[in-house]
Protein chains: 2
Amino acid sequence: MGHERRKPVTLLEVAAKAGVSRMTVSKVLREVGSISDDTRQRVRQAAQELGYLPNSLAGSLSSRKSQMVAVIIPSISDIVFSEVLSGVNSVLRPTGFQTFIGESGFEPETETELIRAMLSFRPAGILMNGGMARSADAEGLLARRNCPAIQLWDCDRRALDFSAGPSHEEAGRLVANHFIERGLRRIAYVGAELDKDLCARRRYLALNASLAAAGIDLLSVTCEDRPRQAVTGRFLTEQLVREHPEIDAIHFLNDAMALGGLSYLHEAGFPVPERISVVGFNGTSLANAVRTRLSTIDVPRTAIGEKAAQALLQMIEDEDVPEFWQAPLVLVQGNTTAAA
Amino acid sequence: MGHERRKPVTLLEVAAKAGVSRMTVSKVLREVGSISDDTRQRVRQAAQELGYLPNSLAGSLSSRKSQMVAVIIPSISDIVFSEVLSGVNSVLRPTGFQTFIGESGFEPETETELIRAMLSFRPAGILMNGGMARSADAEGLLARRNCPAIQLWDCDRRALDFSAGPSHEEAGRLVANHFIERGLRRIAYVGAELDKDLCARRRYLALNASLAAAGIDLLSVTCEDRPRQAVTGRFLTEQLVREHPEIDAIHFLNDAMALGGLSYLHEAGFPVPERISVVGFNGTSLANAVRTRLSTIDVPRTAIGEKAAQALLQMIEDEDVPEFWQAPLVLVQGNTTAAA
DNA sequence: GGAGCTAATGTTATCGATAACCTAAGCTTA
DNA sequence: TAAGCTTAGGTTATCGATAACATTAGCTCC
């Protein structure tokens with residue numbers, strides 16, 4: 001099964017087989033223009049028999065149109081993103097647009113190359129996560145793009161043509177109030193890679209500011225060189241309670257880290273929520289799988305993707321679109337924080 | 001910030017600005033041919049100042065070459081895949097190839113459209129997960145592709161030009177032997193979506209066969225309409241032990257489901273491993289985050305991606321490549337199965 | 001000193017489609 | 001019945017690059 005097969009079939013070959021011109025084949029396959037039923041049949045059959053696959057390079061070059069929508073995300077392993085993407089796809093798919101994904105790995109250099117690569121195919125639109133430090137080259141590429149561009153996951157700092165996402169500042173404030181209402185005052189924050197994920201950093205800063213306004217000092221335990229996953233949550237929590245056994249509430253960067261932290265707290269004999277309250281972020285289904293129902297902030301991820309895709313379609317149609325859509329946030333009370 | 005910007009800059013404009021022909025610009029930017037340092041400078045600067053971005057549609061169409069590598073995966077939320085992909089990228093990136101990802105959502109229909117869309121851009125290569133039911137159209141498209149194609153994640157059933165992945169049958173046998181060696185005889189399997197994930201199904205069948213050979217009946221609890229995640233593992237385990245409290249070992253489809261199951265077992269008062277042994281599959285970092293260190297089968301995911309990418313590069317260079325690479329599997333003994 | 005190189009650049013054809021316009025036949029309709 | 005419209009299809013130019021070959025000037029070298 002070699003791959004050095006014959007040259008792919010072109011319109012010309014289909015045309016020859018069907019006994020018509022290339023243009024006629026093109027019209028039949030795109031269902032434009034007026035073609036008799038008889039010809040239509042012959043062309044379809046010829047294309048089918050030859051296994052004709054249109055060449056999008058030629059097609060898009062010529063028509064200056066594309067069915068490709070580029071999506072660039074920091075990490076495909078971040079569970080968070082998959083639902084945003086499925087929201088995007090659920091709206092885009094029925095319209096015939098195809099989503100092509102690029103993964104930047106949180107590296108600005110890689111992200112820049114991805115933007116360059118994707119834009120060089122002149123996509124119909126581009127969606128990218130907000131909250132990343134972007135290189136100057138990337139900004140330049142985006143500034144000169146000739147398609148609509150949408151920022152996902154961030155609504156505090158608007159960018160590109162449309163932003164769909166939560167206010168991370170609001171999220172930070174929600175958690176702060178949640179703790180304050182419950183009379184918790186020795187509060188810690190556990191996170192990782194805050195230098196890369198600026199959205200998470202903004203949540204942290206808002207939490208910090210809200211607590212400060214209430215006269216509370218926030219203790220933070222973070223590291224930049226470990227993944228934002230359960231293992232890291234567990235590791236940092238261990239470090240935290242060893243040095244500060246007095247704390248009575250922890251907010252984690254995300255649910256995965258919170259679960260890691262919880263596992264350590266149980267093991268080390270810190271009852272949750274009696275002794276320490278825990279709040280995560282995201283509302284991933286993960287959160288309800290363990291015996292504890294994690295208190296967390298639920299983010300409507302699918303809706304974010306849907307709104308983004310809808311806005312994209314409208315912009316492609318040259319319709320007017322608002323500047324942003326702010327995703328509603330809900331702090332879901334589980335059993336890792338005591339009732340107020 | 002509208003998106004209906006001016007027409008993108010073309011080679012011709014750069015050429016005019018630099019006072020040379022298009023061909024010269026093309027050669028400078030691709031670093032081929034011989035061009036004087038002076039001209040090279042002027043062209044580079046002109047391109048820079050105009051913000052020239054090559055049009056890959058035109059470039060690839062003309063040269064019949066591409067820097068794009070297509071990857072089609074069933075689900076980006078499946079943690080498993082992210083590491084395979086990072087292995088792929090670590091090899092491909094330095095060579096200048098760009099990975100474009102498509103997500104099929106386990107739907108053959110969607111997968112077919114993705115294959116069509118990606119192949120229509122004439123990529124340098126295509127990588128796809130094995131173990132999915134593929135539509136006839138998809139097979140046709142793949143048969144007529146004119147680039148190397150590689151199957152990931154499955155090495156039992158070889159397909160395309162190269163296969164990189166574990167033997168899922170071996171995995172099933174490993175688990176069976178693990179249980180048998182420990183004298184466990186009331187064994188259950190918990191999984192989901194086995195109709196879609198044929199690799200998982202093959203593990204299950206091998207487990208079943210190996211146990212049968214030892215005179216053991218395997219009890220299986222599965223469902224097709226729930227995700228292969230922790231919640232489902234928990235739900236099915238609850239159902240399992242309610243109806244069959246006598247079982248003494250469970251193999252889960254993956255680690256996520258195993259963790260969900262574990263949480264229920266703890267809660268329901270089934271000590272692990274004293275009363276019930278548990279084995280997962282994958283060796284995700286998740287496995288070590290909770291108090292229990294899950295016994296599981298470690299799959300070298302990054303290596304799979306690397307081998308696949310290396311094979312792809314070799315095929316692009318027209319070098320000979322073996323038919324497959326079988327990923328070594330290790331059953332990692334945690335503390336959810338008692339020592340033999 | 002001219003045949004033969006090499007280096008630096010330009011010309012032309014082509015990749016595989018689509019846009020925009022054109023043509024011829026058949027049909028209305030006043 | 002001739003102007004005018006439809007229908008079905010074809011022609012030509014173009015999209016933005018690259019491959020392959022052509023050209024020109026300066027140099028080498030016997």
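So that the names make sense, note that chain A is the first sequence line, chain B the second, and so on, each numbered from 1.
Listed by chain and residue number, A/E113 satisfy the salt bridge (Lys or Arg N to Asp or Glu O under 4.0 Å) test with A/R116 (two or more places apart in sequence, or in another chain).
Judged by distance alone, the side chain of A/R42 and the main-chain N or O of A/A18 form a donor-acceptor pair under 3.5 Å.
Remark: P of D/dA17 and CD of B/E13 are 9 Å apart, rounded to the nearest angstrom. Atom NZ of B/K7 and atom C1' of D/dG16 are 9 Å apart (whole Å). Separating the CG atom of B/L53 from the C1' atom of D/dA17 is a distance of 13 Å, rounded to the nearest angstrom. When rounded to the nearest whole Å, the span between CZ of B/R40 and C1' of C/dA7 equals 12 Å. A/I35 places its CD1 atom 13 Å from the P atom of C/dT18, with the value rounded to the nearest Å. The distance between atom CZ of B/R122 and atom P of C/dA17, rounded to the nearest whole Å, is 7 Å. The nearest whole Å value for the distance from the CG atom in B/L61 to the P atom in C/dA13 is 18 Å. As rounded to whole Å, 15 Å separates atom C1' of C/dT14 from atom CG of A/L57.
B/K17 has its side chain out of reach of B/V14: every pair of non-hydrogen atoms, C-beta onward, lies at least 4.5 Å apart. Annotation: side chain of A/M128 is in contact with side chain of A/R134 (closest heavy-atom distance under 4.5 Å). Contact of the A/L152 side chain with the A/F81 side chain is registered, since non-hydrogen atoms from C-beta on lie closer than 4.5 Å.
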**Report entry** Residue pair B/W153, B/I304: steps toward the side chain to side chain contact (heavy atoms under 4.5 Å, CB included) verdict
**Finding:** CA-CA 7 Å; B/W153 197 242; B/I304 290 174; 4.0 Å; yes
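In this structure, of D/dA19, C/dA17, C/dT9, it is C/dA17 that holds the atom nearest to the side chain of A/N55. The B/Y52 side chain lies nearest to D/dA17 when the options are D/dC15, D/dA17, C/dA8.
At the phosphate of D/dA17, neither OP1 nor OP2 sits under 4.0 Å from any side-chain N or O atom of B/S60. Between A/S36 and D/dG9 there is a side-chain N or O to OP1 or OP2 distance below 4.0 Å.
Listed in residue order, the members of residues 16-34 of chain A having a heavy atom less than 4.0 Å from DNA chain C are A/R22, A/M23, A/S26, A/R30.
B/S56 comes within 4.0 angstrom of no nucleic acid atom, judged by non-hydrogen atoms across all strands.
Counting atom types as modelled, A/S62 pairs a side-chain N or O with a base atom of C/dT18 as donor and acceptor under 3.5 Å.
When ring centroids are compared, B/F121 and A/F121 come within the 6.0 Å threshold.
Under a 4.0 Å N-O distance rule, the pair B/D161/B/R145 qualifies as a salt bridge.
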Contact list (N/O, under 3.5 angstrom) for nucleotides 22-24 of chain C vs protein:
none

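With 3.5 Å as the limit, one finds no donor-acceptor pair spanning the side chains of B/T112 and B/D137.
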